[in-house]
Amino acid sequence: LPAANCQSTLGPNGNITIYVPVSSVNELNPVDGRLHEVTASTMTLLEPANTHQPDPVLGFGGSYFNLIDVAQGYLFDPILAGAVSRKTQGATTFDIDLLPPAPGIECRSGGATGSFQVIVSFAVPITLTSAQVSAGTGSVSAALASGSQVFVNLTGVTNAQRIALSLTVNDGTNAHSIVVPMGVLLGDVNATGSVDGNDVSEVQGHTRQPVTTANFRDDVNVTGGIDGNDVSITQGQTRTSLP
């Protein structure tokens, strides 16, 4: 998996979060499309594991490894299916994917009140127990569960920061703690983590064009059109970046 799929927090009880896209998993006749169990191991390798491809006769390949430790198998039954930041631009809503390996950077304006809406989707219907901004500046003004989705309205979200939205949901049997990361950087239309001349050029190149799924990020003031105001806003944010 790419590095963006694997995130960790340091400390005596640090967390390791690994995002595994369904498209990366191949299994013959799976019971369902969810991951149910994880076993972690620590090992050293003298070369990448896929250096030697499977032998056409013997049917196995790879490289020998030095196994150091194996953790007990962890029964895992995640229900998080997706998370997006949604804004209405003109008469159409457009979503920015927040889960890795997507950059997860919201480049559109939150207005004077720093308002955003995050929609979190689950694999099964759930009830919502709590929702809060657990890292960064901002707060939850409203949160509503409907079927297998949770709609969260945020306010007071400042620019040039990374926030974390923490949810506690229940699937009728178990409670689950979910954390959704989100970068907020006005004008970062190419989602690199900083605003520079490339962002300005991109917005300039799409002025007077209708807003579509291909260019909606360039409508940074979410008016439903790309014009000189979007260019000016982006120019004004150059040299800003995410921490």
K.L.:
Determine whether the side chains of Ser85 and Glu106 contain a donor N or O and an acceptor N or O closer than 3.5 Å.
P.N.:
yes
K.L.:
Is there a side chain to side chain contact (heavy atoms under 4.5 Å, CB included) between Leu242 and Val184? Walk through the geometry before answering.
P.N.:
CA-CA 8 Å; Leu242 288 174; Val184 182; 5.6 Å; no
K.L.:
Heavy-atom distance under 4.5 Å between the side chains of Val231 and Ile233, does that happen here?
P.N.:
no
K.L.:
Does the side chain of Ser166 come under 3.5 Å of the side chain of Gln132 through a donor N or O and an acceptor N or O?
P.N.:
no
K.L.:
Can any side-chain N or O of Asn215 pair as donor or acceptor with the backbone N or O of Pro210 at less than 3.5 Å?
P.N.:
yes
K.L.:
For side chain to side chain donor-acceptor pair (under 3.5 Å), just list the numbers for Gln161 and Thr158, CA-CA rounded to whole Å, side-chain angles, deciding distance to a tenth of an Å, and then say yes or no.
P.N.:
CA-CA 7 Å; Gln161 65 163 333; Thr158 56; 3.1 Å; yes
K.L.:
Using side chain to side chain contact (heavy atoms under 4.5 Å, CB included), reason through Tyr19 and Leu99 one step at a time and then give a plain yes or no.
P.N.:
CA-CA 8 Å; Tyr19 294 88; Leu99 296 185; 3.9 Å; yes
K.L.:
For Ser134 and Leu165, run side chain to side chain contact (heavy atoms under 4.5 Å, CB included): C-alpha distance rounded to whole Å, both residues' side-chain angles, the deciding distance at 0.1 Å, then the answer.
P.N.:
CA-CA 6 Å; Ser134 55; Leu165 174 62; over 6 Å; no
K.L.:
Supply the atom-to-atom distance Ile79 CD1 to Asn174 CG, rounded to the nearest 0.5 angstrom.
P.N.:
9.0 Å
K.L.:
Following the transitive rule for hydrophobic clusters with a side-chain heavy-atom cut-off under 4.5 Å over Ile, Leu, Val, Met, Phe, Trp and Tyr, establish whether Val150 and Ile119 coincide in one cluster.
P.N.:
no
K.L.:
Could you tell me whether the side chain of Thr51 and the main chain of Glu47 form a donor-acceptor pair under 3.5 Å?
P.N.:
no
K.L.:
What closest approach, in Å, do Pro48 and Ser63 show between heavy atoms, and which atom pair accounts for it?
P.N.:
O-OG, 3.3 Å
K.L.:
Given the rule that I, L, V, M, F, W and Y join up when any side-chain heavy atoms are under 4.5 Å apart, are Val120 and Val179 in one cluster?
P.N.:
no
K.L.:
Does Val211 belong to the same Ile/Leu/Val/Met/Phe/Trp/Tyr cluster as Val189, with side-chain heavy atoms less than 4.5 Å apart forming each link?
P.N.:
yes
K.L.:
Between Thr234 and Gln237, do the side chains contain an N or O donor and an N or O acceptor separated by less than 3.5 Å?
P.N.:
no
K.L.:
Can you tell me if His206 and Asp218 form a side-chain donor-acceptor pair at under 3.5 Å?
P.N.:
yes
K.L.:
With a 3.5 Å distance limit and no angle check, can you tell me whether Gln89 reaches the backbone of Phe216 through a side-chain donor-acceptor pair?
P.N.:
yes
K.L.:
Work out which heavy atom in Gln204 is nearest to a heavy atom in Thr207; give both atom names and the distance.
P.N.:
O-OG1, 3.0 Å
K.L.:
Could you tell me whether a side-chain N or O of Arg108 sits under 3.5 Å from a main-chain N or O of Leu186, the two making a donor and an acceptor?
P.N.:
no
K.L.:
Do other residues, nucleotides or ligands put more than 12 heavy atoms under 6.0 Å from Ile68 CD1?
P.N.:
yes
K.L.:
Report whether Ile96 and Val195 are members of the same hydrophobic cluster (ILVMFWY, side-chain heavy atoms less than 4.5 Å apart, transitive linking).
P.N.:
no
K.L.:
Can you see whether Ser241 engages Ser194 through a side-chain donor-acceptor pair at a distance of less than 3.5 angstrom?
P.N.:
no
K.L.:
For Val220, is there any backbone N or O sitting under 3.5 Å from a side-chain donor or acceptor partner on Asp230?
P.N.:
yes
K.L.:
I'd like to know if the side chain of Gln7 and the backbone of Ile18 have a donor-acceptor N/O pair within less than 3.5 Å.
P.N.:
no
K.L.:
Using the six-membered ring of Phe94, assess whether NZ or CZ of Lys87 lies under 6.0 Å from its centre and within 45 degrees of the ring axis.
P.N.:
no
K.L.:
Has the side chain of Asp199 got a donor or acceptor atom that lies under 3.5 Å from a matching backbone atom of Val203?
P.N.:
no
K.L.:
To the nearest 0.5 Å, what is the distance between OG1 (Thr44) and CG (Asn66)?
P.N.:
4.0 Å
K.L.:
Which heavy-atom pair separates Pro100 from Ala4 by the least distance, and what is that distance?
P.N.:
CB-O, 3.1 Å
K.L.:
Would you kindly confirm whether Ile105 and Val118 end up in one hydrophobic cluster when ILVMFWY residues are joined by side chain heavy atoms under 4.5 Å apart?
P.N.:
no
K.L.:
Should we say atom CG of Leu67 is surrounded by more than 12 heavy atoms from elsewhere, each under 6.0 Å from it?
P.N.:
yes
K.L.:
Which heavy-atom pair separates Ala131 from Ala143 by the least distance, and what is that distance?
P.N.:
CB-CB, 3.9 Å
K.L.:
Would you compute the distance between atom SG of Cys107 and atom CG of Asp188 and round it to the nearest 0.5 angstrom?
P.N.:
6.5 Å
K.L.:
For the pair Phe151 and Asn153, evaluate side chain to side chain contact (heavy atoms under 4.5 Å, CB included) and give the outcome as yes or no after the intermediate values.
P.N.:
CA-CA 7 Å; Phe151 299 81; Asn153 292 339; 5.7 Å; no
K.L.:
Mind checking whether Asp219 and Ile226 have side chains closer than 4.5 Å, heavy atoms only?
P.N.:
yes
K.L.:
Kindly give the heavy-atom pair with the smallest separation between Pro21 and Asn5, and that separation in Å.
P.N.:
CD-ND2, 3.5 Å
K.L.:
Checking Thr113 against Thr155: is there a side-chain donor and acceptor pair closer than 3.5 Å?
P.N.:
no
K.L.:
Are His176 and Asp171 close enough that a side-chain donor and a side-chain acceptor fall under 3.5 Å?
P.N.:
yes
K.L.:
When you measure from the side chain of Arg86 to the backbone N and O of Phe116, does any donor-acceptor pair fall under 3.5 Å?
P.N.:
no
K.L.:
Mind listing the closest non-hydrogen atom pair of Val133 and Val140 along with its distance?
P.N.:
N-CG2, 4.0 Å
